[in-house]
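Remember, predicted model here, so these are calculated numbers, not experimental data. Reckoned from all heavy atoms, side chains included, excluding hydrogens, waters and symmetry mates.
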Amino acid sequence: MVAHTAMMFVRQGKAYLPVMAQTEAGLFMGIEPVYMAELTIEDLVAALEKVLTAGHPRVAHPTQEEFRHLRKTSPILRAARVKSWREFSQRSVVYDIDWTERAVIVYASQLDHLGRTEYASAKKLRFSKETPLRTIVEAILEDMRSRPELQAAEEGCKL
């Protein structure tokens with residue numbers, strides 16, 4: 001069971017970290033505020049600390065119609081100033097960071113053959129639950145450096 005979760009959306013030299021609300025049905029979803037961070041250890045740790053401090057506000061579980069609307073008006077898309085997830089997904093990586101009772105697990109997304117973000121065969125990083133945020137962020141930054149889809153978008157931006 002996940003005790004805490006955070007998501008880091010990385011695109012064009014920036015990371016976007018939304019507060020993660022939890023619906024009545026247990027689904028986590030990104031809400032405002034969305035913290036924007038430079039791709040440095042200090043900025044990413046500070047943004048993660050803000051997200052974790054916010055906790056998981058409880059929200060009503062959206063209807064199917066509300067889900068469709070939320071997909072088009074996502075606070076992450078607004079923060080990144082893009083109009084669609086398709087546009088956002090190109091040259092981006094999403095890191096899902098889960099704190100469980102026993103470990104911290106980071107799932108790194110990849111694009112499927114249709115250019116959609118997926119986690120099915122995603123890279124997974126595992127840490128003990130006592131691991132400092134700085135160590136987790138260092139591993140995420142190292143993974144970013146290995147991503148050709150980010151390198152093309154990050155030319156001129158040091159990862």
- Query: Is E49 close to L133 at the side-chain level, that is, under 4.5 Å between some pair of heavy atoms?
  - Reply: yes
- Spatial distance of atom CZ (F28) from atom OG1 (T5) [nearest 0.5 Å]: 6.0 Å
- Task: Answer yes or no: does atom CZ of R126 have more than 12 heavy-atom neighbours from other residues, nucleotides or ligands under 6.0 Å?
- Result: no
- Message: Contact between V104 and S128 at the side-chain level, heavy atoms closer than 4.5 Å - yes or no?
- Response: no
- For W85 and R71, work out which heavy atoms get closest and say how close. NE1-O, 3.2 Å
- Between A15 and L44, the two heavy atoms sitting closest are CB-CD2, 3.5 Å
- CG of L48 to NE2 of H4, rounded to nearest 0.5 Å, is 12.5 Å
- Query: Between NE2 of H56 and CD1 of I31, what distance do you get to the nearest 0.5 Å?
  - Reply: 10.5 Å
- Would you mind reporting whether M7 and M20 have side-chain heavy atoms less than 4.5 Å apart? yes
- Task: State whether the number of non-hydrogen atoms from other residues, nucleotides or ligands found under 6.0 Å of R68 atom CZ is greater than 12.
- Result: yes
- Carefully, step by step, assess E87 and K83 under the rule salt bridge (charged side-chain N to carboxylate O under 4.0 Å, His left out). CA-CA 7 Å; E87 180 184 353; K83 295 180 181 175; over 6 Å; no
- Message: What's the separation between atom NZ in K129 and atom OG1 in T100, rounded to the nearest 0.5 Å?
- Response: 8.5 Å
- Quick one: are I97 and Y107 in side-chain contact, heavy atoms under 4.5 Å? no
- No-hydrogen, no-angle side-chain donor-acceptor test under 3.5 Å, Y95 and D143: yes
- Message: Give me the atom names and distance for the closest heavy-atom approach of I76 to G30.
- Response: CD1-CA, 4.5 Å
- Task: Assert yes or no for the condition that the ring centre distance of H61 to F67 is strictly below 6.0 Å.
- Result: yes
- Closest contact, heavy atoms only, T40 versus L141: C-CD1, 4.1 Å
- Donor-acceptor contact present, side-chain T135 to main-chain T131, <3.5 Å: no
- Separation of L77 CG from L70 CG (nearest 0.5 Å): 11.0 Å
- Query: Under 4.5 Å between any side-chain heavy atoms of V34 and F9, yes or no?
  - Reply: no
- Task: Would you indicate whether the side-chain heavy atoms of K123 and S146 approach each other to under 4.5 Å?
- Result: yes
- How about I41 and E138: do any of their side-chain heavy atoms sit closer than 4.5 Å? yes
- Task: Determine the minimum heavy-atom distance between R134 and V45, stating which atoms define it.
- Result: CA-CG2, 3.8 Å
- Under a single-linkage definition using a 4.5 Å side-chain heavy-atom cutoff for Ile, Leu, Val, Met, Phe, Trp and Tyr, are M29 and M8 assigned to the same hydrophobic cluster? no
- Query: Do V19 and E32 come within less than 4.5 Å of each other through their side chains, counting heavy atoms only?
  - Reply: no
- Task: Determine, step by step, whether D96 and V106 satisfy the side chain to side chain contact (heavy atoms under 4.5 Å, CB included) criterion, reporting the C-alpha distance in whole Å, the side-chain angles of both residues, the deciding distance to 0.1 Å, and the verdict.
- Result: CA-CA 6 Å; D96 181 349; V106 178; over 6 Å; no
- Message: Can you see whether S92 engages S89 through a side-chain donor-acceptor pair at a distance of less than 3.5 angstrom?
- Response: no
- Item | Test item: E142 side-chain N/O and A139 main-chain N/O as donor-acceptor pair under 3.5 Å | no
- Message: Do R11 and F88 form a cation-pi contact, if we require the NZ or CZ to be under 6.0 Å from the six-membered ring centre and within 45 degrees of the ring's axis?
- Response: yes
- Query: What is the minimum heavy-atom distance between R147 and A108, and which atoms define it?
  - Reply: NH2-CB, 3.0 Å
- Item | Between CZ on residue R58 and OG1 on residue T23, distance to nearest 0.5 Å | 7.0 Å
